[in-house]
Amino acid sequence: MTNIVINNREVKAHEGETLIETARRCGFSIPSLCYSGHAKHQSSCMVCAVRNGKTGQIIPSCTTLPTEGMEIDTESNEVISSRTLSLELLLSDHRADCEAPCRTACPGNMDVARMNRLYDQGRYEEALHLLRDTLVIPATLCYICNAPCEKICRRGDVSASVSIREIKKALVAKTDLNKIPKPPGNGKRIAVKGSDPMALSAAYHLRKQGYEVHVFEPAGEILLPHIAQPERAPAELLALEINVMKQMGVEFILLQEPEPEAYHRVITPQTKTKQPAKLSLEGRYLAQGQDSKPFNSTYSRFSDSEKKALAGDTETMTNKSGCLYCDCDAKTSCLLRQYASEYGIRSSRYTKTLTQEALRRQAVSATMYFEQAKCIKCGLCVYNSVNGFTFRDRGFVMQVVLPEENASHISEELCELCPTGALYRRE
Ligand code: SF4
Ligand code: SF4
Ligand code: SF4
Ligand code: FES
């Protein structure tokens, strides 16, 4: 046993433990990217930095062994700044989108890339649920939204933008899927006043949570009195989409106001925006609470060589939707994104380098891919594969590569070690 002090607390380090292991076992939180439990590793990322109080040095906790009397600080401003700097440097050489631009441009935060993937795989029912969970009356909203998603679509840089609205309409047109089973009730009744997209979305999500929901529309017509150009919303589509809500059990009561004493809650949705998709998002927030906004890596337009490479990529360019699937397959599991969010990084302060090509995906097996532009060169895949991944070149231009002839030596478990979305299994 070795006695050390972490953040002014005396703790005992076990034989052979590194500082990060002692600290984590004792409940201190330290991030790490190039270290992963018992896997072979060498320190490189420096996000596990801590400060040695005796020497004043910032040291990597993943490779440093505790010594008797050591005083370690894991949370001072100096330590936090050092980790933030390391994360920003990694992100400056990261040419990738966490979320696709079509999603960040969508005022409703619609996960278009995921919808397109489901659509291309023929998983229409899942695609439609995703769509409706975001844009409560999706086909109608397509007619009254100006589609910033299509204007920003990266595919437009290579050939033509994905027809996102047409895909949504095609999904809603699969009428046999426009049936949502009635969610079980929780015995509580809620009144929602008005029927703009925010009110409809709140009603939809509250019904999904089990509330009995009554929508009161004193103006006598659903949605239309609340939108700028009601003639843009086709009547038969609106009727179809409202019918889905009715099948779920939402009741529409026209030309009346609720009697407050008959309800557990009376909701009058109010917000500043008039944008229909944004209203739908606000309605979901009203029912479910607001999501926190994570860090989002992104880059500007494709370079000429990226365009050329993508135009020749038959696998990507021939799917039904035409989508490049710009979002990252690891967007919910990536540690780099998680730490960047935790350390409050909005974007790297350092100019992006252009050493990598975005969306260049190397197939490792039928279901596993490697994307160099998301690789932070931590080396975990190199040290933990035999005749597999390897380093190429040195210094700033150093890259991790997988020679084609080595691909058959790679097991899918290696994906679990990769701290980013560089090495992943596709759904
Ligand atoms: S690897 Fe992580 S940080 Fe990079 S694009 Fe994917 S989720 Fe975002
Ligand atoms: S190619 Fe697909 S994921 Fe990329 S911006 Fe266009 S619709 Fe979105
Ligand atoms: S691909 Fe390998 S070197 Fe790159 S981030 Fe993933 S594990 Fe690290
Ligand atoms: S240097 Fe310690 S986790 Fe990367």
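Note that the structure is a prediction, hence the values are computed from the model and not measured. Note that ligands are numbered from 1 as they come in the structure, with each ligand's atoms numbered from 1 the same way.
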May I ask you to list the atoms of ligand 4 that are less than 4.0 angstrom from any heavy atom of [X]?
X: M46; result: 1 (S), 4 (Fe)
X: C45; result: 1 (S), 3 (S), 4 (Fe)
X: C62; result: 1 (S), 2 (Fe), 3 (S)
X: Y35; result: 3 (S)
X: S44; result: 1 (S)
X: C48; result: 1 (S), 2 (Fe), 3 (S)
X: S32; result: 3 (S)

### Closest candidate by heavy atom, reference atom 3 (S) of ligand 2, pool C326, C106, S163, P101
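Looking at heavy atoms only, C326 sits closest to atom 3 (S) of ligand 2.
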
Below 4.0 angstrom, N of the basic side chain to O of the carboxylate: do [X] and [Y] qualify?
X: D327; Y: R114; answer: no
X: D329; Y: R361; answer: no
X: D97; Y: R154; answer: yes

Is a side-chain donor-acceptor pair under 3.5 Å present for [Y] with [X]?
X: E68; Y: T2; answer: no
X: T18; Y: E21; answer: yes
X: E88; Y: Y343; answer: no
X: T140; Y: E241; answer: yes
X: Y325; Y: D120; answer: yes
X: E357; Y: S305; answer: yes
X: S161; Y: E150; answer: no

### Query
Taking heavy atoms and a distance under 4.0 Å, where does I152 meet ligand 2: side chain, backbone, both or neither?
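For I152, there is no contact with ligand 2 at all, from either part.
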
### Query
For ligand 2, does C153 get within less than 4.0 Å through its side chain, its backbone, both, or neither, judged by non-hydrogen atoms?
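Contact part for C153 vs ligand 2: both backbone and side chain.
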
### Query
Among the heavy atoms of N116, does any lie under 4.0 Å from an atom of ligand 2?
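N116: in contact with ligand 2 (<4.0 Å).
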
### From K377 atom NZ to D93 atom CG, the distance as rounded to the nearest 0.5 Å
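If I round to the nearest 0.5 Å, the distance is 4.0 Å.
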
#### Entry: Protein heavy atom at shortest distance from atom 8 (Fe) of ligand 2
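Ranked first by proximity to atom 8 (Fe) of ligand 2 is C102 SG, 2.3 Å.
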
### Message
Using the ring centroid of each side chain, check whether F389 and F370 are separated by less than 6.0 Å.
### Response
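They qualify: ring centres under 6.0 Å apart.
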
### Message
If the condition is side-chain contact (heavy atoms from CB on, under 4.5 Å), which residues does T332 pass it with, not counting sequence neighbours?
### Response
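Here no residue qualifies.
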
### Task
Would you mind running through ligand 3 and noting each atom that sits below 4.0 Å from a heavy atom of F370?
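Heavy-atom distances to F370 below 4.0 Å select 1 (S).
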
### Query
Which bit of L33 gets closer than 4.0 Å to ligand 4, counting heavy atoms only: side chain, backbone, both or neither?
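Answer for L33: backbone.
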
### Message
Please give me the protein atoms (N, O or S only) lying under 2.8 Å from atom 4 (Fe) of ligand 3, ordered by chain and number.
### Response
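Hits for atom 4 (Fe) of ligand 3 below 2.8 Å: C375 SG.
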
